[in-house]
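For reference, the structure is listed below as structure tokens.
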Amino acid sequence: FQTYRYYQSVQNFQTVFVPTPISSGDWSITGGRLLAKVTSSTRANQINHVYEPSVRSISASDMILVDHFGRVTRAVKIP
């Protein structure tokens with residue numbers, strides 16, 4: 001996986017969204033949970049961290065996840 005933060009900038013009188021990579025790693029889905037291990041990141045304390053949110057729904061283009069605080073997140077597949 002790779003996560004991106006999109007920055008908005010104005011160039012030549014138009015708005016451009018610039019993707020900046022934040023982290024990458026490996027993931028799998030096991031027992032209704034997404035297991036995502038960060039292998040590289042711009043934030044040193046995130047490297048080797050494992051995230052385990054519950055999967056509420058999954059399709060070919062996105063996933064709806066729920067973390068241990070009950071926050072709902074949508075992850076979108078970027079072609």
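The chain is numbered in sequence order, starting from 1.
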Could you go step by step and tell me if Arg43 and Val38 meet the side chain to side chain contact (heavy atoms under 4.5 Å, CB included) rule?
CA-CA 10 Å; Arg43 300 175 184 149; Val38 178; over 6 Å; no

Distance-only criterion, 3.5 Å: show the donor-acceptor pairs between side-chain atoms of residues 50-58 and protein atoms not counting sequence neighbours.
| residue | atom | partner | partner atom | Å |
| --- | --- | --- | --- | --- |
| Tyr51 | OH | Gln46 | OE1 | 2.0 |
| Ser54 | OG | Arg33 | NH1 | 2.8 |

Identify every side-chain donor-acceptor pair in residues 71-79 under 3.5 Å, counting partners at least two apart or on other chains, and give the distances.
| residue | atom | partner | partner atom | Å |
| --- | --- | --- | --- | --- |
| Arg71 | NE | Asp67 | OD2 | 2.6 |
| Arg71 | NH2 | Asp67 | OD2 | 2.8 |
| Arg74 | NE | Asp62 | OD2 | 2.8 |
| Arg74 | NH2 | Asp62 | OD2 | 3.3 |

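Proximity of a side-chain donor or acceptor of Ser24 to a complementary backbone N or O of Thr39 within less than 3.5 Å is not detected.
Note on Val66 and Leu34: separate hydrophobic clusters, where clusters join Ile, Leu, Val, Met, Phe, Trp and Tyr whose side-chain heavy atoms are under 4.5 Å apart, directly or indirectly.
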